[in-house]
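By convention here, the first residue in the shown sequence is residue 1.
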Amino acid sequence: MTQEQLRQHIDLIDDELLRLLSRRARLALQVGRIKKRERKRVFDPERERTVLRRVVSANRGPLSDRAMEHIFREIVRQHRRLAQRASE
């Protein structure tokens with residue numbers, strides 16, 4: 001495969017990642033609305049630990065577990081912000 005072909009594949013994956021992150025964000029908004037209705041706090045540290053443990057456990061590389069945890073910690077943080085806005 002040429003460099004240009006590889007880059008085209010990367011672009012397609014980036015597009016898919018964007019779609020999936022947006023889908024995840026919409027779900028986080030729904031969770032925030034439910035928590036508001038049920039008068040629950042948005043931040044659930046045990047849930048976040050569970051998400052990170054699951055991601056690290058499923059990681060098969062080549063990115064390190066630490067790198068994946070960092071990436072997902074930021075994803076969770078941003079989606080928690082959305083959920084908090086939805087719960088206000």
Side-chain angles (χ1 to χ4, degrees):
M1 215 179 276
T2 68
Q3 182 179 357
E4 185 55 37
Q5 289 170 322
L6 291 169
R7 286 181 173 166
Q8 288 173 353
H9 282 286
I10 289 171
D11 289 345
L12 290 172
I13 291 169
D14 288 347
D15 292 345
E16 186 175 350
L17 286 169
L18 285 169
R19 280 190 301 277
L20 291 171
L21 289 169
S22 291
R23 186 172 161 195
R24 190 184 194 286
R26 285 189 293 275
L27 293 170
L29 285 168
Q30 290 177 8
V31 167
R33 289 183 195 113
I34 290 169
K35 286 186 173 187
K36 177 182 182 177
R37 199 170 47 236
E38 295 175 358
R39 294 192 166 111
K40 292 182 179 177
R41 287 183 30 184
V42 169
F43 179 59
D44 181 349
E46 184 54 37
R47 170 64 181 152
E48 291 191 15
R49 281 191 294 272
T50 299
V51 168
L52 296 174
R53 278 193 305 264
R54 190 180 60 75
V55 165
V56 168
S57 174
N59 183 33
R60 299 293 175 253
L63 289 173
S64 70
D65 289 349
R66 185 175 179 196
M68 284 303 211
E69 183 176 348
H70 178 76
I71 291 165
F72 273 83
R73 188 177 302 278
E74 185 61 25
I75 289 169
V76 168
R77 187 170 73 92
Q78 294 302 321
H79 289 173
R80 181 182 348 114
R81 285 181 177 175
L82 279 175
Q84 285 172 332
R85 276 191 254 146
S87 71
E88 293 174 350

Heavy atoms from other residues, nucleotides or ligands near CD of E74 exceed 12 (cutoff 6.0 Å): yes
Using the rule that two of Ile, Leu, Val, Met, Phe, Trp, Tyr join whenever any of their side-chain heavy atoms come within less than 4.5 Å, decide whether I75 and L52 are in one cluster. yes
Scan R53, R80, R73 and name whichever one has a salt bridge (Lys or Arg N to Asp or Glu O under 4.0 Å) with E48. R80
Heavy atoms only: give me the nearest V51-V76 pair and the separation to one decimal. CG1-CG2, 4.0 Å
Could you grab the distance from atom CG of L27 to atom CZ of R23, nearest 0.5 Å is fine? 7.0 Å
Can you sort out the partners of R47 under salt bridge (Lys or Arg N to Asp or Glu O under 4.0 Å), two or more places apart, ordered by chain and number? none
Carboxylate-amine/guanidinium proximity below 4.0 Å for R49 and E46: yes
Look at the side chain of R66 and the backbone N and O of L63, then say whether any donor-acceptor pair between them is shorter than 3.5 Å. no
Given side chain to side chain contact (heavy atoms under 4.5 Å, CB included), test Q78 with L21 step by step and report yes or no. CA-CA 10 Å; Q78 294 302 321; L21 289 169; over 6 Å; no
What distance do R7 atom CZ and D14 atom CG have between them, rounded to the nearest 0.5 Å? 12.5 Å
Interatomic distance, OG1@T50 vs CG@D44, rounded to 0.5 Å, equals 8.0 Å
Passes side chain to side chain contact (heavy atoms under 4.5 Å, CB included), V55 versus E69? Steps please. CA-CA 7 Å; V55 165; E69 183 176 348; over 6 Å; no
Which atom of A28 lies closest to which atom of A83, heavy atoms considered: O-CB, 3.3 Å
Taking the side chain as every heavy atom from C-beta outward, state whether D65 and M68 have any atom pair closer than 4.5 Å. no
I'd like to know whether CZ of R77 has more than 12 heavy-atom contacts from other residues, nucleotides or ligands below 6.0 angstrom. yes
Side chain to side chain contact (heavy atoms under 4.5 Å, CB included) assessment of I34 paired with R37: CA-CA 5 Å; I34 290 169; R37 199 170 47 236; 3.4 Å; yes
What I'd like to find out is whether the side chain of Q8 reaches to under 4.5 Å of the side chain of T2, using heavy atoms alone. no
